Amino acid sequence: MRLNARYFDGSNLEGQTVDLDLSPSLAVIRPVAGRGVLPAIPSSKLFEIHRSADGNRVDLGVADNHDIHLMVEGAGVAAYIDTALPALGVEAAAQKRHASVRLLAIAGGVLAVLVIAFLQLERLVPVLVPLESERALGERLMEGFVESSDAVCTNQVGRAALTRMVNRLSPEGTLPIPLTVWVTKSDWVNAFAMPGGQIVIFDGLIQKAQSPDEVAGVLAHEMGHVEHRHALRRLVRAAGIGFLASMVSGGVVGDVSQQLLVMTFSREMEEEADTAALKTLASAGIASDGFAAFFERLAAEDNESDPESLLAGSTLESLLATHPLSKERANKIRSQPPLQSISPALDETAWQALKGICSPQQAKMDDS
Amino acid sequence: MPSDANTAPANAAATRHTFEFTGTAGEMWPIVLKNLLLNIITLSFYRFWGRTNVRRYLWSNVRFMGDPLEYTGRGGELFVGFLIVTVVVFLPLVGLLTWAQALMARGEPFGFILFSAGYLLLLWLAPLGLYRAFKYRMSRTRWRGVRGAQTESGVRYATEFFFYTILTVFTAGLLLPFMEAKLYTQETNNRRFGTGRFSFSGSSGPLYSAFLISYALVVGGYVLVFVIAGNLAKLGFVAILGLYLFLGLAFAIYELAKLKHFWNSTKFEGAEFVFNGEIGELIKLYLGNILLTLVTLGIAYPIAQMRVVRFMTEHLVLVGQINLAAVTQSTEAEPGFGEGLAEGFDMGTI
């Protein structure tokens, strides 16, 4: 059957009327005006741009040559074309599918490279950000913190004890950045390291501790974060991941994935800080048993209490939430070789003074 | 010779060239739902291909002089555009802004300068992205095998947009019609179909009466709210929604004036466009689309777009003779990828 069609090859908008002869292998096109011969088109390359609802019109395109349009009109042409070309549309779709798979593979590769590059970005922090800048940033951040909190503990005897402990753990020059340790009046059992050598300990942790060695262990751990500049690296990573996640997902899953990735990576940092802490404790001659015991006691208490409390609490609320105690971690701390000469991190008088760091005092003196 | 004699009177008679839209919501929904499903599975990475599916359907159902448009763009091209712009533009920009913020945190004034410069750069990049999207879409639009084109790089467009926006802000929005007419002139005069040219001969003058009515209604609406309720926070959700609806409808007056004046002053190769929509129809379109999008939480957005396309095809006519034989294939280069920049600004919406 010959079909009446109009043929356009992109050379102009007028086109020409043609006779179209369709077979499963070839579409032969003859101009009605009889001048010249038009190139035949392999039927496998034909695809359907559109067909009218009444089936009296089908518009055909050519998969690898968008210049060509064939507008086929006549009663029942759609039904006829479906019989003459049973594979119409499928071939073009198959080509597209093939291209899509290739593109998805490329996309996956590019994305993986991007993600890896982003996760490595934080490693540049020690190279790119000078210590003075980090110090200044930390001071800025703490300015806001100290201003917003009237609960910074300043009991001078307590501060003196704290200073003694800090100096014992970190004699002059062992850390790249000078330390500033704050204690704030709060029941939270936690401590964290900010950028630029700023460490904050919540009084709840000091009250919970049963010996000065336990506080020293946590302090040494936070100093490990300072030494490796984890706080700044975490900021950089969180910003990078957040950006990447929102780019990838169009903002749909950004927050969730960001939280997950930040959490998992902070574990790696915790291990690094632990290693540094054990070294610090050893060189200061303080037993690491207190460090381990403190975490184990917290974990035991946590199991007895409502298991949901860990989930319900914010990440800041529990030391265990931000410092999950794994078997390996406990074992690593426990398996330290015994030190030759050890002494408590603070003597009994100084330890009592540290416990009272948040109690009011008569005369205020600047002791920082 | 006989064919020449036949075509001349036929063309003379058919000087009203109409558009037609043959798509239906019933056919669009399966596309929308398939895209939604694949977007969820692929963490929304499918959106480039999904958008392409929607466009292919919309384009192929638009008929001009009886013949359909063809959309020849590919999802992969949009995706590559997205990747390139992410690496070349957005990552460095985020780095710059982060650095600027770090400097600001340290109290260095240079940080503030850098930060402001970064944001001004965004104001320039957004219209550039829009123009690049025009370029891509025109180049991927075929009718009778001939493709469209948008000439120029978009740098001039973005620069004009940048300065006019600043001027408009400083004149409390009163320069908006002026700005929009200027930009529309540039868009239109650089638009081609094959070798055929679009041209715009209007100006912002005829827009101002409608604009001032819309402007007065919007300002009046706000003043009323502040006088009656003191401030927006005291209003309930329904009242706020009502206010936004009112503001939107007030602006429909201006939008309609724009559609009429812009299209009625636009020509293609000697034939003139005529837009014959009326305010009631436009408001009906807006209300329907707002409702559709709100009720389906945005899922039905492509359906809303389809309603816009149908509205335009129903109300737009091209009047006059076009020498179809003289319009030949475009010689403009086709961009190899598309719309990454617009995507970044959430403008690759159609």
Side-chain angles (χ1 to χ4, degrees), chain A residues 6-17 33 48-53 57 59 61-62 65-71 73 96 99-100 102-104 106-108 110-111 114 117-118 121 129 132-133 136-137 139-141 232 235-236 239-240 243-245 247-253 257, chain B residues 3 7 22 24 39-40 42-45 47 49 56-57 59-61 63 65-72 74-77 79-80 82-83 86-87 90-91 94-95 98 102-103 105-108 140 142-147 193-196 322-330 343-344 346:
Chain A
R6 281 174 303 126
Y7 174 88
F8 300 92
D9 61 5
S11 64
N12 63 53
L13 290 177
E14 199 169 40
Q16 52 189 311
T17 317
E48 188 178 296
I49 296 172
H50 191 256
R51 71 167 65 193
S52 65
R57 169 162 187 172
D59 303 297
V62 179
N65 185 354
H66 291 292
D67 285 353
I68 297 175
H69 279 192
L70 269 165
M71 319 299 193
E73 280 172 283
K96 264 179 231 149
S100 298
R102 210 178 47 215
L103 260 160
L104 268 178
I106 296 171
V110 171
L111 191 75
L114 264 181
F118 254 84
L121 207 59
V129 185
E132 307 85 73
S133 303
L137 175 68
E139 275 166 8
R140 277 259 155 181
L141 290 169
L232 190 62
L235 279 180
V236 170
F243 175 71
L244 206 63
M247 283 306 270
V248 164
S249 66
V252 183
V253 293
S257 59
Chain B
S3 72
T7 48
T22 56
T24 60
N39 272 339
I40 293 170
T42 61
L43 301 177
S44 92
F45 253 106
R47 64 185 187 273
W49 288 269
R56 195 176 297 129
Y57 180 76
W59 263 238
S60 70
N61 279 293
R63 289 178 180 276
M65 293 168 79
D67 292 336
L69 301 183
E70 184 199 358
Y71 180 72
T72 62
R74 304 286 280 266
E77 294 168 345
F79 179 62
V80 171
F82 158 79
L83 283 182
T86 299
V87 172
F90 284 111
L91 292 188
V94 166
T98 312
L103 288 178
R106 283 164 52 185
E108 289 183 25
R140 298 302 190 268
R142 300 267 181 160
W143 183 69
R144 293 186 171 179
V146 171
R147 66 170 190 270
F193 209 91
T195 50
I322 307 166
N323 187 351
L324 293 171
V327 177
T328 57
Q329 187 60 290
S330 172
E343 158 97 17
D346 209 9

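Since we're looking at a predicted model, the values are computed, not measured. Throughout, protein chains are lettered first and strands after them, A, B, ... in sequence-line order, and every chain is numbered starting at 1.
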Check your understanding: Between the side chains of B:Arg63 and A:His50, is a donor N or O closer than 3.5 angstrom to an acceptor N or O?
Key -> yes
Study note, to complete from the structure: In terms of heavy-atom pairs under 4.5 Å with chain A, the winner among B:Thr24, B:Val87, B:Thr22, B:Thr98 is B:Thr22
**Study point:** Exam field: side chain B:Arg144 to backbone A:Leu13, donor-acceptor pair closer than 3.5 Å
**Key:** yes
Below 4.5 Å, heavy atoms only, C-beta onward: do [X] and [Y] meet side chain to side chain?
| X | Y | value |
| --- | --- | --- |
| B:Arg56 | A:Ile49 | no |
| A:Met71 | B:Pro68 | yes |
| B:Thr328 | A:Asn12 | yes |

Revision key, fill the gap. Sorted by chain and number, sequence neighbours left out, salt bridge (Lys or Arg N to Asp or Glu O under 4.0 Å) with B:Glu70 holds for none
Study note, to complete from the structure: Applying salt bridge (Lys or Arg N to Asp or Glu O under 4.0 Å) to A:Arg57 and not counting sequence neighbours gives A:Asp59, A:Glu73, B:Asp67
Check your understanding: Side chain, backbone, both or neither: which part of B:Leu69 has a non-hydrogen atom closer than 4.5 Å to chain A?
Key -> backbone
Exercise for review: Determine the minimum heavy-atom distance between B:Gly145 and A:His69, stating which atoms define it.
Suggested key: N-ND1, 3.5 Å
Review point. With the threshold set at 4.0 Å, does a side-chain nitrogen-carboxylate oxygen contact exist between A:Asp67 and B:Arg147?
Key: no
